[in-house]
2 protein chains.
Amino acid sequence: MKINTTKLAKDFITENVKDGDIVVDATMGRGNDTLLLKTLTKSGFVYAFDIQKDAISSTKDLLIKNNLYENVSLILEGHQNMDKYIDKPISCVVFNLGYLPKADHNIATTPQTTILAIEKALNLLKQKGIISLCIYQGGDTGFEEKEKVLDYLKKLDYNKYTVIISEFLNRPNFPPIHVKIIKEI
Amino acid sequence: MKINTTKLAKDFITENVKDGDIVVDATMGRGNDTLLLKTLTKSGFVYAFDIQKDAISSTKDLLIKNNLYENVSLILEGHQNMDKYIDKPISCVVFNLGYLPKADHNIATTPQTTILAIEKALNLLKQKGIISLCIYQGGDTGFEEKEKVLDYLKKLDYNKYTVIISEFLNRPNFPPIHVKIIKEI
């Protein structure tokens, strides 16, 4: 089994999220990250956002199937509005950009709302809190979201935030890239 | 304490090198990686290479001080000739490119010998063996070695090798980059 971007994200999240943490899945999708976060936070709390009803019902089913549908809030709302729902410091925010798998590829995250959501997430994070970001490129997705998000991240104050980007250098078809963000102060 | 390239390398090496492994420090320098590899391989064996006598004596002193000067061979030789000394499959090769700290900055690794050494290392690695590569850029070092090494790595067959490059996106002064290579077959 070869390592991929999903594994990079999973490892980073698993190393950093602990029992009791309050965390956010900013792109619920089919609920895989929500499930991972629920498994790690246990007595903590997971807020999960998506703008598609289909995502909410898939994720709810997945959590119920795994007996983990508690201490979680599945919210039908754009992630750029996460601050309306969360009022305490959080440990981790997970973004998995792009479109909902097995749904309309025209409904996808956009650079503007994604950057706004990252900004909100950075403000809500506690010290040493993290953001895990998977950014797709090429194909239906194009390169605009990747370029705009990376341009934004490049300008973050390095005293406040560490940003590490990881890419698969020799794989074809523009594999997704992974970004780790750590709030330092 | 903020994460840096050295920590990325150390984590990757520590996750992958086990008791009994045969491994290589391709750029001995002041012996920090040789010491780390000795600590991890225990009953295994570490081959360490450098072209400067100064590096050999620093590293020998460091290992003796830590009571770890056994199952190790400190070899005064360019790393591009590692295959003359090693005749069995190895688990890990560590490269920390650039010049020897606290010595003549004009004596440094060069793209040509570095690429030859990586080629030898890839051949010597066993399946799921790894290479950890820290590449410096800017300052005395310039960008030539980075560019030539990355050009070489980009062309590696992705069926045989996974190459992941990690960079600090928002830090000033061209921080070193880290490359993880995994031999897949």
Side-chain angles (χ1 to χ4, degrees), chain A residues 1-12 14-16 95 115 118-119 122 127-135 137 146-185, chain B residues 1-12 14-16 95 115 118-119 122 127-135 137 146-185:
Chain A
M1 180 65 183
K2 280 187 197 170
I3 193 167
N4 59 17
T5 312
T6 305
K7 178 77 166 75
L8 293 180
K10 197 178 170 178
D11 286 351
F12 182 52
T14 304
E15 281 159 22
N16 284 284
F95 287 88
I115 288 169
I118 294 172
E119 212 161 53
L122 290 173
Q127 195 185 6
K128 291 293 170 188
I130 61 153
I131 295 178
S132 170
L133 194 58
C134 289
I135 311 180
Q137 58 179 334
K146 175 195 165 191
E147 278 161 23
K148 292 202 168 159
V149 170
L150 293 185
D151 275 350
Y152 167 76
L153 295 176
K154 254 176 215 157
K155 291 173 197 144
L156 288 179
D157 181 350
Y158 67 92
N159 291 303
K160 290 187 185 160
Y161 305 105
T162 294
V163 183
I164 304 171
I165 168 174
S166 294
E167 298 183 82
F168 290 84
L169 197 65
N170 65 330
R171 283 199 188 153
N173 303 324
F174 308 106
I177 64 175
H178 185 245
V179 182
K180 299 176 170 78
I181 306 174
I182 303 158
K183 185 166 182 170
E184 300 290 355
I185 49 175
Chain B
M1 180 67 184
K2 280 187 198 170
I3 192 166
N4 59 15
T5 313
T6 305
K7 178 76 165 76
L8 293 180
K10 197 176 169 180
D11 286 351
F12 182 53
T14 304
E15 282 158 21
N16 284 284
F95 287 87
I115 289 168
I118 294 172
E119 210 160 55
L122 290 172
Q127 195 186 6
K128 291 292 169 187
I130 61 154
I131 295 178
S132 169
L133 194 59
C134 289
I135 310 180
Q137 57 179 335
K146 175 196 163 190
E147 279 162 23
K148 292 202 168 158
V149 170
L150 293 186
D151 275 349
Y152 168 76
L153 295 176
K154 255 176 215 157
K155 291 174 196 143
L156 287 179
D157 180 350
Y158 66 93
N159 292 303
K160 289 186 185 161
Y161 305 106
T162 294
V163 184
I164 304 172
I165 168 174
S166 295
E167 299 184 83
F168 289 85
L169 196 65
N170 65 332
R171 283 200 189 152
N173 303 323
F174 309 106
I177 63 175
H178 184 246
V179 182
K180 300 176 171 78
I181 306 174
I182 303 157
K183 185 167 181 170
E184 300 289 355
I185 48 175

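Letters A, B, ... mirror the listed sequences (proteins, then strands); counts begin at 1.
- Considering CG of L156(B) and CZ of R171(A), their distance stands at 12.5 Å, rounded to 0.5 Å.
- Two residues are said to be in side-chain contact when any heavy atoms from C-beta on lie closer than 4.5 Å; L8(B) and I3(B) meet this criterion.
- Considering only heavy atoms from C-beta on, I135(B) stays 4.5 Å or farther from F95(B) through its side chain.
- Among all heavy-atom pairs drawn from S132(B) and F12(B), the shortest one is CB-CD2, 3.9 Å.
- Few gaps surround OH on Y152(A); more than 12 heavy atoms of other groups in view lie less than 6.0 Å from it.
- Contact annotation for residues 157-166 of chain B against chain A (heavy-atom separation below 4.5 Å, listed by residue number): D157(B), Y158(B), N159(B), Y161(B), T162(B), V163(B), I164(B), I165(B), S166(B).
- Within residues 177-185 of chain A, the residues having any heavy atom closer than 4.5 Å to a heavy atom of chain B are I182(A), E184(A), listed by residue number.
- The NZ atom of K10(B) sits 10.5 Å away from atom CG of N4(B), with the distance rounded to the nearest 0.5 Å.
- Considering all non-hydrogen atoms of both residues, T5(B) and C134(B) come closest at CG2-SG, 3.9 Å.
- Minimum interatomic distance between P175(A) and F168(A) (heavy atoms only, all atoms of both residues): CG-CB, 3.9 Å.
- The candidate from K128(B), K2(B), K155(B) with the greatest count of non-hydrogen atom pairs under 4.5 Å with chain A is K2(B).
- Atom CD1 in I118(B) sits 5.0 Å away from atom CG in L153(B) (nearest 0.5 Å).
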